[in-house]
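Just below is one structure, and these are the notes that go with it.
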Amino acid sequence: MTDPMGAPVEAMDRQRCFSLAELCRELGITPRSLRFYEDKGLIAPARAGTRRIYSMRDRARAKLVVRGKQLGFTLKQIKDLLDLYDADPQHRVQKVALLKEIQKRIRTLHEMNAAIATTLADLENIQQSIIESFDREEAA
DNA sequence: ATTCTTACA
DNA sequence: TGTAAGCA
């Protein structure tokens, strides 16, 4: 057997691959983005001449990249996690590292939320001051 | 018709 | 990352 991300076992399903356009369509991203991730070393599709051929494994990795981005992780963080997936078949270190990044992400999200709350309060106060100034004008 | 690389508003 | 350009 071979899980989506598994590399070791020789895949007998050597035909199920995707073209750039196919994978992009499935992932909902542009070819530019997919090539960009490749430049950053997150994906390493095979080539048929110069054409990119994405294997099931490439597709799985690409999906994780998209997923990671939706969650707000940087390509750097995603790459490090993906690399661990290869280096650690049991996914031990991988899980610990992922948990660590998730907690870090949660912390920054909380910080951002607090910052937004502060700015929101500031703007509402200013807004209120202006409204009150108008009220005073009318009363006068 | 599609994809590829490179360069840049 | 979008987009344009010049190839294959």
Side-chain angles (χ1 to χ4, degrees):
Chain A
M1 286 298 279
T2 149
D3 69 296
M5 283 286 286
V9 183
E10 310 309 325
M12 26 102 268
D13 41 36
R14 190 179 305 294
Q15 297 174 66
R16 305 187 210 170
C17 295
F18 310 73
S19 68
L20 178 71
E22 292 177 330
L23 190 53
C24 284
R25 194 187 327 128
E26 188 180 332
L27 298 177
I29 62 179
T30 65
R32 178 74 169 89
S33 297
L34 202 46
R35 296 194 190 98
F36 188 75
Y37 303 152
E38 183 182 332
D39 285 334
K40 294 304 178 183
L42 290 110
I43 309 173
R47 297 287 186 127
T50 81
R51 265 59 168 161
R52 267 166 263 250
I53 301 299
Y54 297 87
S55 65
M56 291 301 282
R57 177 166 172 289
D58 294 324
R59 189 211 55 139
R61 289 180 61 105
K63 276 194 172 184
L64 289 177
V65 173
V66 173
R67 177 63 170 146
K69 287 204 62 187
Q70 296 179 318
L71 295 176
F73 291 107
T74 65
L75 289 184
K76 165 63 176 173
Q77 292 176 304
I78 298 171
K79 173 179 166 48
D80 292 341
L81 259 9
L82 248 29
D83 289 343
L84 280 181
Y85 207 112
D86 294 328
D88 172 32
Q90 300 308 304
H91 309 162
R92 295 246 179 62
V93 182
Q94 215 262 342
K95 285 184 179 180
V96 175
L98 175 58
L99 177 60
K100 192 176 177 182
E101 292 306 309
I102 287 177
Q103 299 179 322
K104 180 195 296 180
R105 180 61 182 152
I106 288 177
R107 285 201 299 279
T108 77
L109 243 22
H110 277 310
E111 291 172 2
M112 292 171 75
N113 187 281
I116 289 176
T118 298
T119 302
L120 210 47
D122 288 345
L123 289 172
E124 289 173 332
N125 283 328
I126 295 173
Q127 169 184 251
Q128 193 54 41
S129 295
I130 295 176
I131 291 176
E132 287 173 2
S133 75
F134 284 152
D135 290 343
R136 282 196 296 281
E137 281 179 29
E138 291 173 22

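Only a predicted model underlies this, so the values are computations on that prediction, with no experimental measurement involved. So that the names make sense, note that chain A is the first sequence line, chain B the second, and so on, each numbered from 1. Heavy atoms only: backbone and side chains are in, while hydrogens, waters and symmetry mates are out.
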Checklist entry - Taking OP1 and OP2 of C/dT3, is either one under 4.0 Å from a side-chain nitrogen or oxygen of A/R32? => result no
Item to check | Distance-minimising heavy-atom pair for A/K79 and A/K40 | outcome: CD-O, 3.5 Å
Item to check | salt_bridge(A/R35, A/D39) N-O dist < 4.0 Å | outcome: no
Checklist entry - OP1 or OP2 of C/dG2 less than 4.0 angstrom from a side-chain nitrogen or oxygen of A/T30, does that happen here? => result yes
Next on the checklist: Is the phosphate of B/dC4 approached by A/R52 (side-chain N or O, under 4.0 Å from OP1 or OP2)?
Outcome noted: yes
Next on the checklist: In whole Å, I'd like the distance from the CD atom of A/E38 to the C1' atom of B/dT6.
Outcome noted: 15 Å
Checklist entry - Could you state the CD1-P distance from A/I53 to B/dT2, rounded to the nearest angstrom? => result 16 Å
Checklist entry - Could you give the CG-to-P distance, from A/L20 to B/dT5, as a whole number of Å? => result 10 Å
Checklist entry - Do we see a donor-acceptor contact under 3.5 Å between the side chains of A/S55 and A/D58? => result yes
Item to check | Length of the line joining A/E22:CD and B/dA1:C1', which is rounded to integer Å | outcome: 15 Å
Next on the checklist: On DNA chain C, does the nearest nucleotide to A/L75 precede the nearest nucleotide to A/R51 from the 5' side, or the other way round? Give the residue.
Outcome noted: A/L75
Checklist outcome for this item: Mate of B/dA9 across any strand shown (Watson-Crick or G-U wobble, both atom pairs under 3.5 Å) is none
Checklist entry - Is the distance from OP1 or OP2 of C/dT1 to the nearest side-chain N or O of A/K69 less than 4.0 Å? => result yes
Next on the checklist: Between the side chains of A/K104 and A/E101, is the shortest nitrogen-to-carboxylate-oxygen separation below 4.0 Å, so that they form an ion pair?
Outcome noted: yes
Checklist entry - For the pair made of CZ in A/F36 and C1' in B/dC8, what is the distance, rounded to whole Å? => result 14 Å
Checklist outcome for this item: In this structure, CG of A/L82 is separated from OH of A/Y37 (nearest 0.5 Å) by 12.0 Å
Item to check | Whole angstrom value for the distance that separates P of B/dC4 from CZ of A/R47 | outcome: 6 Å
Item to check | Toward the 5' end of DNA chain B, by each residue's nearest nucleotide, A/D39 or A/A21 | outcome: A/A21
Next on the checklist: Could you tell me the Watson-Crick or G-U partner of C/dA8, where both distances fall under 3.5 Å? Say none if there is no partner.
Outcome noted: B/dT2
Checklist entry - CZ of A/R35 versus P of B/dA7: gap in Å, rounded? => result 16 Å
